[in-house]
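Below: the structure, in structure tokens.
Reminder, nothing fancy here: chain letters follow the sequence lines and each chain counts from 1.
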Amino acid sequence: MTKQFKRYLVTSALPYANGPVHIGHLAGVYIPSDIYTRYLRLKGCDVISVCGSDEHGVPITMKARKEGVSPQEIVDRYHNIIRKAFRDLGMSFDIYSRTSSATHAATASEFFRKLYNEGKFIEQTTMQYYDEEAQTFLADRYIVGTCPHCQNEKAYGDQCEQCGSTLSPEELINPHSAVSGAVPVKRETTHWYLPLDQYEGFLRKWILEGHKEWKSNVYGQCKSWLDLGLQPRAVSRDLDWGIPVPVEGAEGKVLYVWFDAPIGYISATKDLTPDWERYWKDKDTKMVHFIGKDNIVFHCIVFPAMLEAHGGYILPENVPANEFLNLEGEKISTSRNWAVWLHEYLEEFPGKEDVLRYVLCANAPETKDNDFTWKDFQARNNNELVAVLGNFVNRALMLTQKYYEGVVPPRGEMIEYDRQTVADLAAVKGSLEANIENYHFREALKDAMTVARIGNKYLADTEPWKVIKSDPERVKTILNIALQITANVTIAIEPFMPFSAEKILRMLDIQPLGWERLGATDLLDAGHRIGTPSLLFEKIEDDVIQAQLDKLAATKAANAAEETVQSIDPQKDSISFDDFQKMDVRVSTILAAEKVVKTKKLLKLTVDTGIDTREIVSGIAEHFTPEELVGQQVLVLVNLEPREMKGILSRGMILMGEDASGKLVLLKPDSRVNSGAVVG
RNA sequence: CGCGGAGUAGAGCAGUGGUAGCUCAUUGGGCUCAUUACCCAAGCGUCGCGGGUUCGAAUCCCGCCUCCGCAACCA
């Protein structure tokens, strides 16, 4: 726990190169990681920070196929966007690599080979679905068909999103490939598996006993996985995009992306320095993985098991995973374009890199999901950055210009209040350090801002603009101290807001100061001439915020329009009159309705069909409350084959209209008729 | 009953057994060097709900509700 490490290795989750990076990625992973790294560097620690694009896997091949380009084109495009955006935001990775690099192919292959040669894998042959037209094996998710439970025609091979039931591809009616539309066939395939179950004891001891200090969300997730029991996990896939399995007779197979991606951290380090082994294999190195909560199992269970199986590698000392960030109350979604994209922000808010860094850190989802709103962004900029930080720096520098033509005045005898202020200033360092080292970046940022708050209070209390008239000598001391506080600001905020720290340094016309000098009052020499003051931050007006809100509203409208287009299904094949006659639809009256327990969408309805009184289970609980349904007349297909759902036999189907947004409406007679009236 | 996390002032969040706190917003006062910013003070809470343990519970235990994530390749 109190072990002293000689060096640090910081990793940040590899962004998946099928889209750009958005504020959720930043708040969850990259901002914390950069703060941590910059802090350690400022302290003079031996630290390297590695990252890179994760460029393999099925979604990238799907996207390429859809656009009619090669996977390489897709990953090149996003790799470049992401890399540039990171750099422009001031992410201080020592290297930003990529998993399509030659180094990575070699590293991952070697890693696999060693485990293979030492018999660490098990080999299994199974039957998998294959798309003969596209000549590719299909993951369950890429098989689409009709749900046997609710007749939804767009159910996936693993789940029906309409009724929520878990499916296997075998259960789908009329299954077809989401790639080509072909009917999938079963084909035999052999894969290698990492028997995670064999590492359970090792992981249990390492995490559950050795790392009780991990964040509760991380520890809890690990414990649950371990208690449930681990299963062997396939490390190869049938795919033509990825790192070929480096074994005889494994043509057409690549390393499964989860296996190759974390090795990307190692390859990136290799690309950075020939001395990479010191960072990965020396027990005196502290490795920290910054990730989002969805990645916990890979970084705490799977990758450590891989490293243990390989041998010789150190394990992460901590994995400070964050929760998720929402945008204006809704989940961020790449596919629905519901996001603030980093590269767009950088273009639309030039020079405001630190504002985003500040807001995302101050509101980082450290313990639970948080919400990013543009109003909050504006308020934090105007009320905190402009009012507290920018204003203090501006006050101190303007007073110095005004009274001393920009020359730092000498400090005379300090009074008790000065000494108290200096003591308060010195006290910030310990708290700030503890918070960063414990991954409490929000609190740490508050500590950094406290330095500016101390400065504002000091000026307000000592009132140099008044004292100048009665005791000019005293004002020299006051401003000297105010300027020392200003210099301290540059140290305290550097990990969080490097651009602003740099800007203040230029205004003071001094060189960067090391972390250890935080709290000192000899950062500026009397007689030193400071540079020209300029505003650190500017107010963000309502129209700028409104423009962003409009942009999001436009996204929403575009999504709705697209859904409308997609949801108007083409006319189905003709049926005979006889076929139509087979359907028995009756006007029925709902007598009772109740939610089916432990389901999200199901209602159990008791209806009077005129023929009898029967129970029907319907997936409409998200659209109607039981109360509003009772007494309503609806159309019911009464001779539909009965089906059991959640242990209740459902005899018939309530007919519904579904509009573009997926909203359901009842179809009912325009005046009341007797139950049992025939529809036709 | 699949597993994990979260629910605290108008908003965003700290707080793991001992007088409920921080930032912002609100209200009042002070200041007028400063980007109308700053400083001081006040108001604002059945700590999700219901039980229990305890001298004492936001905190520990039991049950329930709601939101999010994982399982199911978006951080």
Rounded to the nearest 0.5 Å, how far apart are OG of A:Ser431 and NE2 of A:His440? 11.5 Å
Between B:rG5 and B:rC73, how far apart are the P atoms? Round to whole Å, please. 22 Å
Pick base, sugar-phosphate or nothing for A:Lys457, based on heavy-atom distances below 4.0 Å to the nucleic acid. sugar-phosphate
What's the separation between atom CD1 in A:Ile81 and atom CH2 in A:Trp341, rounded to the nearest 0.5 Å? 10.0 Å
Establish, with yes or no, whether the OP1 or OP2 oxygen of B:rA25 is under 4.0 angstrom from a side-chain nitrogen or oxygen of A:Lys375. no
At under 4.0 Å between heavy atoms, what does A:Glu384 touch on the DNA or RNA strands: base, sugar-phosphate, or nothing? sugar-phosphate
Hey, does A:His440 reach any base, or is it just sugar-phosphate, or nothing, if we go heavy atoms under 4.0 Å? nothing
Check the distance between B:rC38's P and A:Arg453's CZ and give it to me in whole angstrom. 9 Å
So what does A:Ile468 touch, heavy atoms closer than 4.0 Å: a base, only the sugar-phosphate, or nothing? nothing
For a quick check, with a 4.0 angstrom heavy-atom cut-off, what is the B/S/- contact string for nucleotides 29-36 of chain B, read 5' to 3'? --SSBBB-
Need one value for A:Leu397: base, sugar-phosphate or nothing, where a base atom within 4.0 Å counts as base even if backbone is also close, heavy atoms only. nothing
Rounding to a whole Å, what distance do you find between A:Ile291:CD1 and B:rC74:C1'? 14 Å
Are the side chains of A:Leu459 and A:Phe392 in contact, using a 4.5 Å heavy-atom criterion? yes
Watson-Crick/G-U partner (both atom distances under 3.5 Å) of B:rA6: B:rU66
Using the C1' atom as the point on both nucleotides, what is the distance between B:rC64 and B:rG7, in whole Å? 14 Å
Walking RNA chain B from its 5' end, the first of A:Asp371 and A:Tyr30 to be reached, judged by nearest nucleotide, is A:Asp371
Please classify the nucleic acid contact of A:Gly57 as base, sugar-phosphate, or nothing, using heavy-atom distances under 4.0 Å. nothing
Taking the six-membered ring for Trp, is the centroid-to-centroid distance between A:Phe496 and A:Tyr358 below 6.0 Å? no
Between B:rC74 atom P and A:Leu325 atom CG, what is the distance in whole Å? 17 Å
Write down the distance between CG (A:Leu327) and C1' (B:rC74), rounded to a whole number of angstrom. 14 Å
Contacts of A:Glu67 meeting side-chain contact (heavy atoms from CB on, under 4.5 Å) (sequence neighbours excluded), chain-then-number -> A:Lys63, A:Val69, A:Ile74, A:Arg77
Without swapping roles, check the side chain of A:Asp471 against the backbone of A:Val467 for a donor-acceptor pair under 3.5 Å. no
Classify the ring geometry of A:Tyr96 against A:His79: parallel below 30°, tilted from 30° to 60°, perpendicular beyond 60°. parallel
Could you tell me the separation between the CG atom of A:Asp260 and the C1' atom of B:rC73, rounded to a whole number of Å? 12 Å
Tell me the partner of B:rA11, counting only Watson-Crick (N1-N3 plus N6-O4 or O6-N4) or G-U wobble (N1-O2 and O6-N3) with both under 3.5 Å; none if nothing fits. B:rU23
What closest approach, in Å, do A:Pro533 and A:Met507 show between heavy atoms, and which atom pair accounts for it? CA-SD, 3.9 Å
Taking atom P of B:rG12 as reference, at what distance in whole Å does atom CD of A:Glu366 sit? 16 Å
Looking at every strand, decide which applies to A:Asn295 at a 4.0 Å heavy-atom threshold: base, sugar-phosphate, or nothing. sugar-phosphate
Give a yes or no on whether A:Glu538 atom CD has more than 12 heavy-atom contacts from other residues, nucleotides or ligands under 6.0 Å away. no
Nucleotide of B:rC39, B:rC74, B:rA25 approaching A:Asp461 most closely (side-chain heavy atoms): B:rC39
Residue A:Gln401 excluded, over 12 heavy atoms near CD under 6.0 Å: yes
Base, sugar-phosphate, or nothing: which does A:Ala13 touch, judged by heavy atoms less than 4.0 Å apart? nothing
Protein-to-nucleotide contact annotation, 5' to 3' order, nucleotides 3-10 of chain B [B base; S sugar-phosphate only; - none; under 4.0 Å, heavy atom]: SSSS----
The Watson-Crick or G-U wobble partner of B:rC73, with both key distances under 3.5 Å, is none
Would you measure the distance from the C1' atom in B:rU23 across to the matching atom in B:rC61 and give it in whole Å? 34 Å
Whether A:His25 and A:Tyr30 hold their rings parallel, tilted or perpendicular, with breakpoints at 30° and 60°: tilted
Distance in angstrom units between A:Asp447 CG and B:rU23 P, rounded: 12 Å
Classify the angle between the aromatic ring planes of A:Phe298 and A:Trp258 as parallel (below 30°), tilted (30 to 60°) or perpendicular (above 60°). tilted
I want to verify a distance call: between B:rC38, B:rA25, B:rU23, whose nearest atom is closest to the A:Lys446 side chain? B:rU23
Rounding to the closest angstrom, what is the interatomic distance between B:rC74 and B:rG50 at atom C1'? 38 Å
Let me know the distance between CD1 of A:Ile296 and P of B:rC73, rounded to the nearest Å. 16 Å
Using the P atom on both, measure B:rC24 against B:rA20 and round to a whole Å. 24 Å
Taking the same atom, C1', in B:rG69 and in B:rU36, what whole-Å distance lies between them? 44 Å
Proximity to the side chain of A:Tyr256 - top-ranked nucleotide from B:rC73, B:rA37, B:rC74: B:rC73
Does the structure show a Watson-Crick or G-U wobble partner for B:rG17, both distances under 3.5 Å? Name it, or say none. none
Roughly how many Å apart are B:rC67 and B:rG48, using the C1' atom of each and rounding to a whole number? 11 Å
Return the pairing partner of B:rA37 with a 3.5 Å limit on both distances, Watson-Crick or G-U wobble; otherwise return none. none
For nucleotides B:rU16 and B:rA6, find the distance between their P atoms and express it as a whole number of Å. 13 Å
